[in-house]
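Okay, so here's the structure we're looking at.
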Amino acid sequence: MQEKIIILDFGSQTTQLIARRVRELNTYCEIVPYNKFPENDPSVIGVILSGSPFSVYDEKAFKIDLTTIRHRYPILGICYGAQFMAWINGGSVEPAGTREYGRAHLSYVDSSNPLLKYIATGSQVWMSPGATITALPENFSVIASTQKVECAAYQADGEKLWGVQFHPEVFHSECGTQLLKNFVVDICGSHQDWSAASFIDRTVEELKQQLGNDKVVLGLSGGVDSSVAAVLLNRAIGKNLTCIFVDHGMLRKDEFKSVLRDYECLGLNVIGVDASEEFYKELAGVTDPERKRKIIGKGFIDVFDREAHKLKDVKWLGQGTIYPDCIESLSITGTTIKSHHNVGGLPEKMNLKLCEPLRLLFKDEVRAVGRQLGMPEHLITRHPFPGPGLAVRILGDITPEKVRILQEADHIFIQGLRDHGLYDKVWQAGVILLPVQSVGVMGDERTYERAVALRAVTSTDAMTADWAHLPYDFLAEVSNKIINTVKGVNRVTYDISSKPPATIEWE
Ligand code: XMP
């Protein structure tokens with residue numbers, strides 16, 4: 001049985017970060033909505049209560065009955081979680097003065113307390129904004145303070161129940177990792193046996209149990225998630241897994257062939273379907289970005305469905321859905337569920353059961369699993385690439401000729417990034433073919449040809465992004481090479497917009 005920490009999510013933006021930090025301690029954890037504690041799960045070894053956008057005295061504040069967890073598990077409340085436990089037990093919580101927010105230093109630490117072992121006075125912490133505990137319940141004791149906040153951390157006397165009014169999960173809290181380790185390992189008794197290797201062993205066993213001799217079909221995109229899901233499934237059920245990799249004609253230069261070869265080398269049973277002509281036909285003359293997306297999405301489902309129907313007795317659809325895609329996240333107004341399907345509508349249309357072996361992993365854990373499975377590094381560190389591919393990077397209508405021009409220019413840019421050791425320093429990069437022609441000179445001739453934009457961004461999650469500050473010399477080299485070798489392009493620009501307000505893609 002995989003022991004786990006449960007994180008009750010009261011809606012804080014840093015809840016996922018808490019989960020990341022716990023997993024970095026090689027301890028498995030799950031985020032569940034604040035009111036969905038898994039009462040009969042014998043694998044739970046401890047509970048963390050997250051922060052919240054609300055304060056306990058707000059009318060809409062999320063509240064729970066602590067009796068289901070108190071005295072049963074070690075509990076750590078973070079910010080709102082700490083304030084809620086103090087308040088519900090008779091303490092006082094009041095709006096905080098602005099100077100109590102953010103960066104602070106611990107001026108008093110009871111380092112004999114197991115939660116604060118190895119944490120020194122003076123250590124920097126990131127304090128919770130909004131509210132603060134002004135009086136603790138009886139039988140709760142202060143175990144750490146800052147200059148401004150007496151109760152930076154507390155413990156219920158003689159009980160395994162703690163609260164901290166700072167965020168141990170954020171980078172700015174210097175002692176945060178130590179504090180979480182104290183809680184998860186020393187107090188909850190985690191054996192720290194969660195690793196890529198243990199995940200693979202367990203998941204392969206579970207998949208064998210779940211799937212038996214059933215047949216599974218899986219759509220490969222060339223991206224890391226679907227590739228790792230396929231290799232994992234292949235390890236569990238071998239030839240009962242059939243993968244389908246569709247070329248919609250909007251992939252990068254030579255990508256269809258090279259990725260197909262990679263998949264074959266990995267021992268996958270993969271069918272490559274070149275459907276580019278079909279897609280070009282459907283897309284001819286279409287300029288509206290959303291229409292282009294819809295046509296490609298529907299076309300993909302049609303091709304996949306057609307190919308899958310050629311297979312006999314398929315019962316399951318494998319997908320590379322990962323944890324951030326399916327965490328139930330709370331919005332301030334109530335519970336909003338973020339749902340996600342890489343190929344929306346497919347399971348319903350095909351009447352297949354869904355098998356998502358990576359649904360509990362974060363992206364970097366997926367990469368670690370891929371490495372552990374022996375997959376090549378270039379598949380694992382590949383940049384994200386949009387499902388509709390180059391279609392959203394050709395502004396306006398799509399023709400095979402435009403795809404060719406863009407593939408050539410894109411190839412020069414991406415290869416350049418690799419050659420200069422810059423590829424892994426950016427989150428994502430590509431070239432956009434603009435619906436603009438401009439005047440230029442080539443030798444003695446005047447030209448009137450296309451302009452392209454280079455786009456490269458840094459990011460951690462694609463929700464926000466900054467334009468990558470690539471060296472001028474590098475940009476100059478790429479620009480020269482594109483103009484000199486890609487027929488039809490005579491001008492190169494560099495996109496210096498950040499997201500927001502711009503987006504990463506242009507369409
Ligand atoms: P934007 O352009 O919204 O992109 O800043 C954020 C991330 O999502 C990718 N993206 C897509 N991925 N289908 C996808 O599978 C799409 O239609 C799509 N549009 C954007 C984009 O490449 C970036 O990583």
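Read the numbers this way: they start at 1 and go in the same order the structure lists the ligands and their atoms. Because the structure is a prediction, the values reported are computed rather than measured. In what follows, every heavy atom counts, from backbone to side chain, and hydrogens, waters and symmetry copies are set aside.
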Dump all N/O pairs between ligand 1 and the protein below 3.5 Å as a table: atom names plus distance, one pair per row.
| unit_1 | atom_1 | unit_2 | atom_2 | d |
| --- | --- | --- | --- | --- |
| ligand 1 | 2 (O) | I504 | N | 3.3 |
| ligand 1 | 2 (O) | E505 | N | 2.9 |
| ligand 1 | 5 (O) | K499 | NZ | 2.7 |
| ligand 1 | 5 (O) | I504 | N | 2.8 |
| ligand 1 | 15 (O) | G387 | N | 2.9 |
| ligand 1 | 17 (O) | R293 | NE | 2.6 |
| ligand 1 | 17 (O) | R293 | NH2 | 3.4 |
| ligand 1 | 19 (N) | R293 | NH2 | 2.8 |
| ligand 1 | 22 (O) | Q428 | NE2 | 2.7 |
| ligand 1 | 22 (O) | E505 | OE2 | 2.5 |
| ligand 1 | 24 (O) | Q428 | OE1 | 2.8 |
| ligand 1 | 24 (O) | Q428 | NE2 | 3.3 |

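Taking the six-membered ring for Trp, F10 and F62 have ring centres at least 6.0 Å apart.
A salt bridge does not link K281 with E278: none of the charged nitrogens is closer than 4.0 Å to a carboxylate oxygen.
Using cut-offs of 30° and 60° for the angle between ring planes, the F256 and F245 rings count as tilted.
Take E365 and apply the side chain to side chain donor-acceptor pair (under 3.5 Å) test, not counting sequence neighbours, and it matches R23, W194. Not counting sequence neighbours, the partners of D41 by the salt bridge (Lys or Arg N to Asp or Glu O under 4.0 Å) test are K4. Listed by chain and number, the residues in a side chain to side chain donor-acceptor pair (under 3.5 Å) with N484 amount to none (sequence neighbours excluded).
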